[in-house]
Number of protein chains: 2
Amino acid sequence: MSTIASANTIAEVASLIGDAARANMLSALMGGQALTAGELARIANVTAQTASGHLARMAEGRLVLVEKQGRHRYYRLASPEVAQALHTLMAVAASGPGRHHPVGPREEALRLARTCYDHMAGRLAVALAESLCRNDHMILADGAGLVTDQGHAFFREFGIDLEPATRSRRPLCRTCLDWSERRHHLAGRLGAALLGRVLELKWVTRVPGSRALTVTRGGEAGFARTFRFRPDWQRALAGDVPAGAVVEAASID
Amino acid sequence: MSTIASANTIAEVASLIGDAARANMLSALMGGQALTAGELARIANVTAQTASGHLARMAEGRLVLVEKQGRHRYYRLASPEVAQALHTLMAVAASGPGRHHPVGPREEALRLARTCYDHMAGRLAVALAESLCRNDHMILADGAGLVTDQGHAFFREFGIDLEPATRSRRPLCRTCLDWSERRHHLAGRLGAALLGRVLELKWVTRVPGSRALTVTRGGEAGFARTFRFRPDWQRALAGDVPAGAVVEAASID
DNA sequence: GCCATGCTTCGGTCGTGGCCGAACCATTGA
DNA sequence: TCAATGGTTCGGCCACGACCGAAGCATGGC
């Protein structure tokens with residue numbers, strides 16, 4: 001019936017994201033889990049009707065996908081590209097002059113550990129990346145990550161098989177600039193595998209209805225033992241972001 | 001006087017980009033060169049007053065920077081993050097169902113070779129990346145690029161010094177999905193260095209007032225000789241995009 | 001069958017923001 | 001000094017779109 005007229009210009013896509021209510025919904029969906037229309041309405045602080053309209057437009061514009069399940073309608077991000085776009089927009093928005101908003105307790109939990117689409121973010125993720133580098137399991141530079149031979153063995157032992165057919169010395173992951181910590185953490189295939197594995201091991205658990213992750217008792221021990229975390233990893237790293245970091249993290253067209 | 005209230009939320013940033021006139025201006029600025037307010041007005045098809053308003057808002061929102069020069073005002077993108085954001089939005093916009101718009105002659109030139117912020121894009125760039133991989137100068141995967149030892153030597157001879165202090169086997173560049181070709185090309189530090197070098201060698205020249213690049217007579221020979229281009233590199237590569245390509249290219253928070 | 005719940009469609013109100021004409025400021029060149 | 005050119009500010013017009021109340025469909029439980 002109605003032509004499927006998915007948004008085809010930058011302006012159309014950006015305009016879809018450029019509304020407070022819709023942006024809030026999309027941010028919530030960055031958690032990686034599908035949410036119902038009602039939940040999204042509450043998150044965006046609008047009535048159900050309004051939310052419905054927003055979601056219909058976003059579905060039309062290929063930003064989200066719908067899945068009917070009983071009388072619920074589950075929405076999720078349409079593709080990793082959408083998540084990527086949201087992430088870069090966050091980076092631009094955050095690059096303003098400081099203006100670090102005051103941090104509530106809820107925010108604090110998110111700063112510690114959260115999911116981001118299909119991998120981890122927050123201090124936990126930053127500490128993980130840092131630890132992997134310090135122990136020569138990977139090398140990070142220019143927004144890319146390279147797993148060393150030693151790293152391959154390490155991950156295999158940890159229960160992550162990095163596509164054995166892959167010849168070694170091949171870059172296997174990417175890094176992202178962490179919104180809250182302004183440092184890099186792991187994304188890409190390796191990032192996703194890591195999140196899956198630590199969930200499987202119950203080192204972290206999802207907080208229902210939130211992007212936050214809780215580090216379990218076993219997780220505390222596990223991370224410290226396996227990744228040799230410094231004991232104060234839960235505190236923000238001291239020192240400022242190295243000057244070139246932000247610039248190097250960005251890649252374009 | 002007026003507080004510098006740089007946009008601080010995703011919605012604000014996206015909303016700034018989400019207008020046809022402003023999006024056109026920003027796209028033009030993706031060429032990497034600064035443009036005057038008048039030029040941008042013409043590009044966006046609006047009057048000077050309207051453009052002035054748009055530019056003021058974008059400057060306020062930290063999307064662009066201004067530089068006065070005589071009675072002209074030169075505008076350019078404020079940071080690589082902004083370029084990155086625009087790029088990912090383009091990727092989302094382009095990911096719709098085909099709808100390949102008809103290609104004019106002007107578009108055709110852009111498809112062949114163009115600048116993208118600080119590196120090259122288009123068939124030339126795609127062919128370059130492909131050639132470098134085929135000749136074992138680099139390895140590409142997961143959106144990251146790794147320069148081989150042999151590649152280091154190659155680039156040094158070509159006149160690009162990849163930070164000699166860097167230990168080898170360190171990833172030095174990133175890849176981007178090419179808007180027109182839907183294949184990867186090189187960005188990051190290496191991508192920028194390559195563009196600089198081929199401009200220096202006059203293998204390509206900028207087309208004034210456009211993002212397009214012209215491959216010079218000497219360039220044709222140079223690329224063929226140095227990079228062993230296949231002779232028909234100016235034609236689009238046959239075959240479709242590998243299924244996983246788009247997914248792998250995207251990285252998130 | 002009944003009602004409760006989740007979501008959508010319709011109709012109407014209202015505010016934000018894009019656009020231009022006109023006038024104004026600033027720089028350059030004669 | 002006086003135009004000419006490039007930009008910006010001001011004021012008013014108009015449209016798009018965000019929002020909600022009310023009503024309308026589905027689905028699931030009793």
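All chains are named by letter (A, B, ...) in the order of the sequence lines, taking the proteins before the strands, and each is independently numbered beginning at 1. Hydrogens, waters and symmetry mates play no part in the numbers below; they use all other heavy atoms, side chains included.
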Determine all donor-acceptor pairs shorter than 3.5 Å in which one atom belongs to a side chain in residues 29-42 of chain B; sequence neighbours excluded.
residue: B:Thr36; atom: OG1; partner: B:Glu39; partner atom: N; Å: 3.2
residue: B:Thr36; atom: OG1; partner: B:Glu39; partner atom: OE1; Å: 3.3
residue: B:Glu39; atom: OE1; partner: B:Thr36; partner atom: N; Å: 2.8

Residue pairs involving residues 65-74 of chain B (criterion side chain to side chain donor-acceptor pair (under 3.5 Å); sequence neighbours excluded):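 Side chain to side chain donor-acceptor pair (under 3.5 Å) check on residues 65-74 of chain B returns no pairs.
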What is the distance, to the nearest angstrom, from the [atom1] atom on [X] to the [atom2] atom on [N]?
| X | N | atom1 | atom2 | result |
| --- | --- | --- | --- | --- |
| B:Asp19 | C:dT16 | CG | C1' | 13 Å |
| B:Arg22 | C:dC19 | CZ | P | 8 Å |
| B:Met25 | D:dG7 | CE | P | 11 Å |
| A:Leu35 | C:dC7 | CG | P | 11 Å |
| A:His72 | D:dA26 | NE2 | P | 18 Å |
| B:His54 | D:dT8 | NE2 | P | 13 Å |
| A:Leu55 | C:dT9 | CG | P | 11 Å |
| B:Arg57 | D:dT8 | CZ | P | 15 Å |

[X] vs [N]: side-chain N/O to OP1/OP2 distance below 4.0 Å:
| X | N | value |
| --- | --- | --- |
| A:Thr50 | D:dC20 | yes |
| B:Arg73 | D:dG6 | no |
| A:Thr47 | D:dC19 | no |

Most 5' of A:Gly70 and B:Gly53 on DNA chain D, judged by nearest nucleotide: B:Gly53
DNA chain D: 5'-proximal contact among A:Lys68 and B:Ala48 (nearest heavy atom): B:Ala48
Sugar-phosphate only, base, or nothing, as touched by A:Tyr75 at under 4.0 Å among non-hydrogen atoms: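 Touches sugar-phosphate only.
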Nearest listed nucleotide, side chain of B:Ala37, among D:dT8, C:dT8, C:dA4: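 Nearest listed nucleotide: D:dT8.
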Out of C:dC20, D:dT9, C:dT8, whichever nucleotide has its closest atom nearest the side chain of B:Val46: C:dC20
Non-hydrogen atoms of A:Leu55 and A:Val64 that approach each other most closely: O-CG2, 4.1 Å
Flag side-chain contact, heavy atom, 4.5 Å: A:Asp19 against A:His54: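 SC-SC contact between A:Asp19 and A:His54 confirmed.
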Parallel, tilted or perpendicular: ring planes of A:His185 versus A:His119, cut at 30 and 60 degrees: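 Tilted.
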Any donor-acceptor N/O pair under 3.5 Å between D:dG7 base and B:Gln49 side chain: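 Checked by distance alone, the answer is no.
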